[in-house]
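Position 1 is the first residue of the sequence, and the numbers go up from there.
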Amino acid sequence: QVQLVETGGGLVQAGDSLRLSCAASGRTFSNYAMAWFRQAQAPGKERDFVARISGSGGMTYYADSVKGRFTISRENAKNTVYLQMNSLKPEDTAVYYCAGGSNYYSLRLPSHVDYWGQGTQVTVSS
């Protein structure tokens, strides 16, 4: 079992930056690909893929909506994955979830996530 705890959310203005952290405990962290998803708090909104990173950190992949603005990284020695978010926009407002899975390439669908964090709210005002 893997436990994931996100921190770093908050209220910022458009154009600001924010860094989310996700601390993992349990099984060997480097064995898992990690990802960030987000879900806007509105009826009918699904949980959307944001970014993923391989167990070694050597491969990353981003949703088009955040490419060039967000950076995912990890420190396996600290069992932590990060999401650096720059040039934030109001449409980035959502609850952000850390996720872990055994297969890097399939870790962009919520159904392929093995472990979820509890989520952290990010609100971007205009």
Side-chain angles (χ1 to χ4, degrees):
Q1 193 75 338
V2 174
Q3 292 80 41
L4 303 174
V5 179
E6 303 100 330
T7 55
L11 172 63
V12 296
Q13 294 187 332
D16 285 350
S17 298
L18 205 58
R19 188 176 82 156
L20 306 182
S21 299
C22 172
S25 60
R27 294 188 175 180
T28 306
F29 180 65
S30 60
N31 287 349
Y32 291 88
M34 300 296 295
W36 289 92
F37 289 76
R38 66 186 181 185
Q39 187 168 20
Q41 300 300 289
K45 288 294 186 179
E46 298 182 345
R47 193 167 293 189
D48 295 327
F49 169 79
V50 174
R52 68 176 184 236
I53 188 166
S54 61
S56 67
M59 294 187 294
T60 58
Y61 182 79
Y62 298 90
D64 288 343
S65 58
V66 306
K67 200 174 297 183
R69 299 188 299 123
F70 291 10
T71 302
I72 189 171
S73 61
R74 65 191 296 162
E75 286 189 78
N76 286 344
K78 295 183 178 181
N79 283 9
T80 302
V81 63
Y82 305 98
L83 185 67
Q84 177 67 43
M85 304 184 293
N86 298 330
S87 303
L88 282 161
K89 306 174 181 179
E91 51 263 44
D92 294 318
T93 295
V95 176
Y96 283 71
Y97 295 91
C98 179
S102 57
N103 187 297
Y104 167 76
Y105 292 101
S106 65
L107 196 58
R108 65 168 299 171
L109 295 174
S111 59
H112 288 218
V113 171
D114 295 327
Y115 303 103
W116 289 103
Q118 84 288 351
T120 185
Q121 177 71 47
V122 172
T123 304
V124 185
S125 64
S126 57

Same hydrophobic cluster for [X] and [Y], using side-chain heavy-atom links shorter than 4.5 Å among ILVMFWY?
X	Y	value
Val113	Val95	yes
Val50	Val122	yes
Tyr61	Val66	no

Subject >> Steps toward side chain to side chain contact (heavy atoms under 4.5 Å, CB included) verdict (Ile72, Val81) >> reply: CA-CA 7 Å; Ile72 189 171; Val81 63; 4.0 Å; yes
**OP:** Test Tyr115 against Tyr32 for side chain to side chain contact (heavy atoms under 4.5 Å, CB included), laying out the working first.
**Re:** CA-CA 10 Å; Tyr115 303 103; Tyr32 291 88; 3.6 Å; yes
Of all the heavy-atom pairs spanning [X] and [Y], show the shortest one and how long it is.
X	Y	answer
Tyr62	Ala51	CD2-CB, 3.5 Å
His112	Leu107	O-CD1, 3.9 Å
Ala40	Lys45	O-CB, 3.4 Å
Ser102	Asp114	N-OD2, 3.2 Å
Leu4	Trp116	CD1-C, 4.0 Å
Leu18	Gly10	CD2-N, 4.0 Å

**OP:** Any pair with a residue in residues 14-23 that passes side-chain hydrogen bond (donor to acceptor under 3.5 Å, both in side chains), sequence neighbours left out, goes on the list, sorted by first then second residue, please.
**Re:**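 Only Ser17-Asn86 qualify under side-chain hydrogen bond (donor to acceptor under 3.5 Å, both in side chains).
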Original post:
Which pairs with one or both residues in residues 48-57 pass side-chain hydrogen bond (donor to acceptor under 3.5 Å, both in side chains), sequence neighbours excluded?
Top reply: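 Qualifying pairs: none.
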Are any non-hydrogen side-chain atoms of [X] and [Y] less than 4.5 angstrom apart?
X	Y	value
Met85	Arg69	no
Val124	Glu91	no
Met34	Phe29	yes

**OP:** Sequence neighbours left out, what pairs pass ring-ring contact (aromatic ring centres under 6.0 Å, His included) with at least one residue falling in residues 75-109?
**Re:**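 Not a single pair qualifies under ring-ring contact (aromatic ring centres under 6.0 Å, His included).
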If I take atom [atom1] from residue [X] and atom [atom2] from residue [Y], how far apart are they, to the nearest 0.5 angstrom?
X	Y	atom1	atom2	result
Leu88	Thr123	CG	OG1	10.5 Å
Arg74	Thr60	CZ	OG1	12.0 Å
Gln121	Gln39	CD	CD	11.0 Å

**OP:** Consider only side-chain N and O atoms of Gln3 and Ser25, and report whether a donor and an acceptor are under 3.5 Å apart.
**Re:**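 Yes, Ser25 and Gln3 have a side-chain donor paired with an acceptor closer than 3.5 Å.
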Original post:
So with a 6.0 Å cut-off around CD of Gln41, is the heavy-atom count from everything else above 12?
Top reply: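 Correct, the count exceeds 12.
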**OP:** Please confirm whether the backbone N or O of Cys98 pairs with a side-chain atom of Glu6, one donor and one acceptor, at under 3.5 Å?
**Re:**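 Yes; at least one donor-acceptor contact below 3.5 Å.
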Subject >> NZ/NE/NH1/NH2 to OD/OE distance under 4.0 Å, Asp92 and Lys89 >> reply: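 So Asp92 does not pair with Lys89 through a salt bridge.
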Original post:
Does Phe37 have Arg47 sitting over its ring (NZ/CZ under 6.0 Å from centre, angle to axis within 45°)?
Top reply: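 Not satisfied by the 6.0 Å and 45° rule.
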